[in-house]
Amino acid sequence: MLAVTKREIRAYFTSPLGYVFLAAFCGFSGLFLWLNCLSVGSAVMGGTFQLMFFVNMILIPVLTMRTLADDKRRKTDQLTLTSPVSVFGIVAGKFLGAFFVFVCASVVMLIYGVFLSVAVTQSNGKFDWGSFWGYYAGLILIGAVFISIGIFISSLTESQMISAVGSIGVNIVVCLFDVISAYISNETLAKIIDSLSVFYKYSEFTQGIFSLKNTVFFLSIIVVFVFLTVRVIERRRYA
């Protein structure tokens with residue numbers, strides 16, 4: 001698993017993809033910081049983190065589109081599948097590789113927090129680090145969720161474009177469960193679908209609320225999609 005992770009990280013940074021992702025993440029986050037904080041003299045970053053949710057919904061599929069689809073296209077997946085590494089090790093390694101790049105990008109949000117903290121302190125104010133860590137935890141968790149979805153979709157096709165578009169589509173669907181539930185007449189089913197709303201739970205983090213229940217929810221989604229990816233690959237391995 002560690003070998004796969006290292007190979008994935010190296011692949012991201014020996015191609016333009018990793019740098020493009022970092023640049024896009026920093027560009028959008030910087031713009032939102034300016035609009036929500038710097039231009040209005042506010043040190044509350046909740047709005048910036050909330051807007052980054054929608055950016056990551058589209059940006060992360062671009063990061064994950066090649067994880068498994070490219071191996072299928074180049075027919076190198078058979079070499080991977082016949083290696084001594086377990087299928088779970090392959091999937092986990094690819095997940096951790098993409099997650100590492102995402103975390104590297106998200107460090108810029110921490111830098112923004114430090115910058116605002118210094119500015120607020122110089123103005124005899126106090127920066128709310130407690131809320132910030134709630135924002136930051138939500139960003140990391142939702143990023144991991146989108147990565148797990150992206151890798152799963154990538155395992156279903158050999159086209160990177162289809163993988164990216166498909167991942168964006170699934171991300172949109174899982175984020176609109178609360179909207180979909182409003183149109184369902186069956187109250188029990190509506191409550192079940194509403195409870196799966198990803199955006200609503202992420203919004204609680206952007207309000208500075210760190211919820212263990214929501215953390216477990218996000219981790220469960222990650223586990224489910226990693227499991228589904230393993231099953232897809234195992235079916236191909238033993239076909």
Side-chain angles (χ1 to χ4, degrees), residues 5-67 70 94-122 127-151 154 160-161 163-165 167-168 171-172 175 198-199 202-203 205-208 210 218 222:
T5 302
K6 289 180 178 178
R7 188 186 68 182
E8 288 297 305
I9 294 172
R10 186 165 54 250
Y12 280 119
F13 291 107
T14 54
S15 69
L17 182 58
Y19 299 101
V20 169
F21 177 83
L22 292 174
F25 189 100
C26 292
F28 280 110
S29 61
L31 174 63
F32 298 148
L33 181 75
W34 170 259
L35 294 175
N36 289 278
C37 298
L38 301 183
S39 64
V40 296
S42 172
V44 179
M45 294 182 65
T48 302
F49 278 92
Q50 194 159 39
L51 288 171
M52 285 306 296
F53 174 94
F54 298 104
V55 170
N56 286 325
M57 187 190 300
I58 297 172
L59 200 56
I60 288 179
V62 176
L63 182 70
T64 60
M65 64 183 182
R66 53 158 291 279
T67 47
D70 194 48
K94 288 181 176 292
F95 172 85
L96 291 175
F99 185 66
F100 176 83
V101 177
F102 173 74
V103 170
C104 287
S106 67
V107 167
V108 73
M109 304 298 284
L110 180 58
I111 295 173
Y112 295 155
V114 172
F115 171 79
L116 290 177
S117 176
V118 172
V120 168
T121 302
Q122 290 178 346
F127 185 72
D128 189 355
W129 278 107
S131 295
F132 174 85
W133 289 119
Y135 307 150
Y136 198 71
L139 178 73
I140 297 298
L141 287 169
I142 199 63
V145 168
F146 288 154
I147 289 170
S148 66
I149 292 173
I151 292 176
S154 183
Q160 295 187 39
M161 184 59 67
S163 174
V165 174
S167 298
I168 293 172
N171 289 346
I172 291 173
C175 292
V198 171
F199 180 69
Y202 178 78
S203 295
F205 282 101
T206 62
Q207 295 167 12
F210 182 84
F218 285 134
I222 295 166

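These numbers come from a predicted model, not from an experiment.
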Participant: Would you check, one step at a time, whether the test side chain to side chain contact (heavy atoms under 4.5 Å, CB included) holds for V62 with L17?
Facilitator: CA-CA 8 Å; V62 176; L17 182 58; 4.0 Å; yes

Participant: How many angstroms lie between CZ in F49 and CZ in F205, if you round to the nearest 0.5 Å?
Facilitator: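 Rounded to the nearest 0.5 Å, the CZ-CZ separation comes to 12.0 Å.
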
Participant: Tell me, do L59 and F25 make a side-chain contact under 4.5 Å, heavy atoms counted?
Facilitator: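 A side-chain contact under 4.5 Å exists here.
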
Participant: So do E8 and F99 actually touch side chain to side chain, heavy atoms under 4.5 Å?
Facilitator: no

Participant: Please check: side-chain N/O of Y202 versus main-chain N/O of C175, any donor-acceptor pairing under 3.5 Å?
Facilitator: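 Between the backbone of C175 and the side chain of Y202 there is no qualifying donor-acceptor contact (under 3.5 Å).
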
Participant: Tell me, do F53 and V198 make a side-chain contact under 4.5 Å, heavy atoms counted?
Facilitator: yes

Participant: Work out which heavy atom in V101 is nearest to a heavy atom in F21; give both atom names and the distance.
Facilitator: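 Heavy atoms only, the tightest pair is CG1-CD2, 4.0 Å.
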
Participant: Tell me, do I140 and F102 make a side-chain contact under 4.5 Å, heavy atoms counted?
Facilitator: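 When only atoms from C-beta onward are counted, F102 and I140 do touch, with a gap below 4.5 Å.
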
Participant: I'd like to know if the side chain of S117 reaches the main chain of G113, judged simply by a donor and an acceptor atom lying under 3.5 Å from each other, with no hydrogens or angles considered.
Facilitator: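 Pair absent, no side-chain N/O of S117 close to backbone of G113.
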
Participant: Of the non-hydrogen atoms in G97 and T5, which two are nearest, and what is the gap between them?
Facilitator: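 So the minimum-distance heavy-atom pair works out to N-CG2, 3.9 Å.
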
Participant: Only one of I172, I168, N171 clears side chain to side chain contact (heavy atoms under 4.5 Å, CB included) with I58; which?
Facilitator: I168

Participant: Show me the donor-acceptor pairs within less than 3.5 Å that the side chains of residues 131-138 make with the rest of the protein, sequence neighbours left out.
Facilitator:
{"residue": "S131", "atom": "OG", "partner": "D128", "partner atom": "OD2", "Å": "2.6"}
{"residue": "Y136", "atom": "OH", "partner": "S106", "partner atom": "O", "Å": "3.3"}
{"residue": "Y136", "atom": "OH", "partner": "S106", "partner atom": "OG", "Å": "3.4"}

Participant: Using the benzene-type ring in the case of Trp, are the ring centres of F127 and F115 under 6.0 Å apart?
Facilitator: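 Centroid distance F127-F115: not below 6.0 Å, so no.
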
Participant: List for me each residue that meets side-chain hydrogen bond (donor to acceptor under 3.5 Å, both in side chains) alongside S29, sequence neighbours excluded, and say none if there are none.
Facilitator: Y112

Participant: C37 and V44: which non-hydrogen atoms are nearest, and at how many Å?
Facilitator: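 Nearest heavy atoms, C37 then V44: SG-O, 3.3 Å.
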
Participant: As an exercise, state the distance from OG1 of T64 to CD of Q160, rounded to the nearest 0.5 Å.
Facilitator: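 Answer rounded to 0.5 Å: 10.0 Å.
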
Participant: Working to the nearest 0.5 Å, report the span between CZ of F28 and CG of L51.
Facilitator: 11.0 Å

Participant: If every non-hydrogen atom of S167 is compared with every non-hydrogen atom of G150, which pair is closest and at what distance?
Facilitator: OG-CA, 3.3 Å

Participant: Between F54 and F199, is a ring-ring contact (aromatic ring centres under 6.0 Å, His included) present by the stated rule, with each step listed?
Facilitator: CA-CA 10 Å; F54 298 104; F199 180 69; 5.3 Å; yes

Participant: Restricting to non-hydrogen atoms, name the atom on T14 and the atom on R10 that form the minimum distance, rounded to 0.1 Å.
Facilitator: OG1-O, 2.7 Å

Participant: Aromatic rings Y19 and F13: how do their planes relate, parallel, tilted or perpendicular, breaks at 30° and 60°?
Facilitator: perpendicular

Participant: Roughly how far apart are S163 OG and I151 CD1, rounded to 0.5 Å?
Facilitator: 9.5 Å

Participant: Find out whether L116 and L38 are in side-chain contact, i.e. whether some heavy atom of one side chain is under 4.5 Å from a heavy atom of the other.
Facilitator: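 Yes, close enough: below the 4.5 Å cut-off.
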
Participant: Starting at OG of S154, measure out to CD1 of I149 and round the result to the nearest 0.5 Å.
Facilitator: 13.5 Å

Participant: Quick check: do L33 and M45 have side-chain heavy atoms less than 4.5 Å from each other?
Facilitator: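 A side-chain contact exists here, since the closest heavy-atom pair is under 4.5 Å.
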
Participant: I need the minimum non-hydrogen distance between F95 and A144, along with the two atoms involved.
Facilitator: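 That closest heavy-atom pairing would be CE1-O, 3.5 Å.
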
Participant: Roughly how far, to the nearest 0.5 Å, is the OG1 atom of T48 from the CG atom of L139?
Facilitator: 11.0 Å

